[in-house]
J.: 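One structure is given below, represented as structure tokens, and several questions about it will come after.
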Amino acid sequence: QVELVESGGGLVQAGGSLRLSCAASGSFFSIHAMAWYRQAPGKQRELVACIISGGNTNYADSVKGRFTISRDNAKNTVYLEMNSLKPEDTAVYYCNALISVVTIEFAYNYWGQGTQVTVSS
């Protein structure tokens, strides 16, 4: 099985910065894409940013210019650099990865446990 372990969440004041990390561990063939989602109280889970093999990235409009997603293939780790944080960024952030475990022909989505990010004003 594959496990995604997240770290870096915490409490920060508005305007501050935070970096989230998510490392994939276990036995797998390849990682095709990794992404960050978030879910605020009373709201549905939304895609924040994603990065695919080759380095192409995509961001939600609400975080463009403030957040940066990056990936270290050697470490099987994805990062989310969050700058100019706002109270509305407060949410549980979840790591997601599309991974082929046995062969490249079949892939499966895996989720991390989530890490709390709280931005105070």
Side-chain angles (χ1 to χ4, degrees):
Q1 62 178 291
V2 177
E3 184 178 25
L4 302 180
V5 180
E6 300 164 325
S7 62
L11 175 64
V12 65
Q13 293 189 16
S17 300
L18 207 61
R19 187 177 81 158
L20 305 182
S21 300
C22 174
S25 63
S27 180
F28 52 86
F29 187 79
S30 64
I31 300 176
H32 303 286
M34 302 187 81
W36 288 97
Y37 288 75
R38 68 184 181 187
Q39 187 168 21
K43 296 185 178 181
Q44 66 181 28
R45 189 172 299 184
E46 65 174 347
L47 177 65
V48 177
C50 64
I51 184 168
I52 63 175
S53 60
N56 295 105
T57 60
N58 189 47
Y59 298 90
D61 289 339
S62 60
V63 306
K64 286 182 178 178
R66 299 189 298 119
F67 291 10
T68 302
I69 188 171
S70 61
R71 177 177 172 181
D72 187 334
N73 292 328
K75 297 181 178 180
N76 295 318
T77 300
V78 64
Y79 305 93
L80 185 66
E81 293 279 355
M82 303 183 293
N83 300 311
S84 301
L85 283 163
K86 305 175 181 179
E88 50 263 42
D89 294 319
T90 296
V92 177
Y93 284 71
Y94 296 91
C95 178
N96 175 268
L98 181 63
I99 300 175
S100 292
V101 177
V102 180
T103 67
I104 197 170
E105 290 85 2
F106 300 95
Y108 188 81
N109 272 301
Y110 293 87
W111 290 93
Q113 76 285 353
T115 183
Q116 177 70 47
V117 173
T118 302
V119 184
S120 62
S121 59

J.: Spell out, yes or no, whether Leu4 and Val101 are grouped together once hydrophobic residues are joined by side-chain heavy atoms under 4.5 Å, including indirect joins.
T.: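 Linked, Leu4 and Val101 end up in one cluster.
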J.: Say whether Glu88 and Thr90, considering side chains only, have a donor N or O and an acceptor N or O under 3.5 Å apart.
T.: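 No, because no side-chain N or O of Glu88 sits under 3.5 Å from a partner of the opposite role on Thr90.
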J.: Provide the closest heavy-atom pair for Leu98 versus Ala107 in the form atom of the first, atom of the second, distance.
T.: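 Smallest heavy-atom distance, with atoms named: CD1-CB, 3.7 Å.
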J.: Same cluster or not: Trp36 versus Leu18, using hydrophobic residues (I, L, V, M, F, W, Y) connected whenever any side-chain heavy atoms lie under 4.5 Å apart?
T.: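 Trp36 clusters together with Leu18.
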J.: Out of the candidates Cys95, Cys22, Ser21, only one should pair with Ser7 under the side chain to side chain contact (heavy atoms under 4.5 Å, CB included) rule; please name it.
T.: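 One option only clears the test, and that one is Ser21.
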J.: Do you reckon Val78 sits in the same ILVMFWY cluster as Ile52, going by side-chain contacts under 4.5 Å, direct or chained?
T.: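 No, because Val78 and Ile52 fall into different hydrophobic clusters, even though each may have its own neighbours under 4.5 Å.
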J.: Can you give me the closest heavy-atom contact between Ser121 and Pro87, atom names plus distance?
T.: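 Taking Ser121 first and Pro87 second, the nearest heavy atoms are CB-CG, 3.9 Å.
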J.: Which heavy atom in Val117 sits nearest to a heavy atom in Gly9, and how many Å separate them?
T.: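 Minimum heavy-atom separation between Val117 and Gly9: CG2-CA, 4.2 Å.
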J.: Going by an N to O cut-off under 4.0 Å, is there a salt bridge joining Asp61 and Lys64?
T.: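 Salt bridge present between Asp61 and Lys64.
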J.: Surrounding CD of Gln13 (heavy atoms of other residues, nucleotides or ligands, distance under 6.0 Å), is the total greater than 12?
T.: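 No - once you tally the heavy atoms of other residues, nucleotides and ligands closer than 6.0 Å, there are 12 at most.
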J.: Quick check on the 6.0 Å ring-centre criterion: do Tyr108 and Phe106 meet it?
T.: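 No.
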J.: Would Arg38 count as a cation-pi partner of Tyr94, with NZ or CZ less than 6.0 Å from the six-membered ring centre and within 45° of the ring normal?
T.: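 Ring-cation test returns no.
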J.: What about Val102 and Phe28, same hydrophobic cluster or not, with Ile/Leu/Val/Met/Phe/Trp/Tyr joined at side-chain heavy-atom distances under 4.5 Å?
T.: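 Same cluster.
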J.: What distance separates Tyr93 OH from Gln116 CD, expressed to the nearest 0.5 Å?
T.: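 Tyr93 OH to Gln116 CD: 9.5 Å, rounded to 0.5 Å.
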J.: Quick one: CG on Asp89 to OG on Ser62, what's the gap to the nearest 0.5 Å?
T.: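 The distance works out to 7.0 Å.
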J.: Under the 3.5 angstrom rule, does the side chain of Asn96 hit a backbone N or O of Tyr110 as a donor-acceptor pair?
T.: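 Such a contact is found between Asn96 side chain and Tyr110 backbone.
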J.: When rounded to the nearest 0.5 angstrom, what is the spacing between NE2 in His32 and CD1 in Ile99?
T.: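 CD1 of Ile99 is found 9.0 Å from NE2 of His32.
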J.: Taking only residues two or more places apart in sequence or in another chain, which ones pass ring-ring contact (aromatic ring centres under 6.0 Å, His included) with Tyr37?
T.: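 Result, ring-ring contact (aromatic ring centres under 6.0 Å, His included) vs Tyr37: Trp111.
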J.: When you measure from the side chain of Glu6 to the backbone N and O of Gly114, does any donor-acceptor pair fall under 3.5 Å?
T.: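 Yes; judged by distance alone, with no hydrogens or angles, the pair exists.
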J.: Working to the nearest 0.5 angstrom, can you tell me the gap between Leu80 CG and Thr115 OG1?
T.: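 One gets 11.0 Å once the value is rounded to the nearest 0.5 Å.
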J.: Should Val92 and Met82 be counted in the same cluster of Ile, Leu, Val, Met, Phe, Trp and Tyr side chains packed under 4.5 Å apart?
T.: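 No, Val92 does not connect to Met82 through the hydrophobic network.
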J.: For residues 67-77, dump all side-chain donor-acceptor pairs below 3.5 Å to protein atoms at least two apart in sequence or in another chain.
T.:
unit_1: Arg71; atom_1: NE; unit_2: Asn73; atom_2: OD1; d: 2.7
unit_1: Arg71; atom_1: NH2; unit_2: Ile31; atom_2: O; d: 2.7
unit_1: Asp72; atom_1: OD1; unit_2: Ala74; atom_2: N; d: 3.1
unit_1: Asp72; atom_1: OD1; unit_2: Lys75; atom_2: N; d: 3.4
unit_1: Thr77; atom_1: OG1; unit_2: Lys75; atom_2: O; d: 2.9

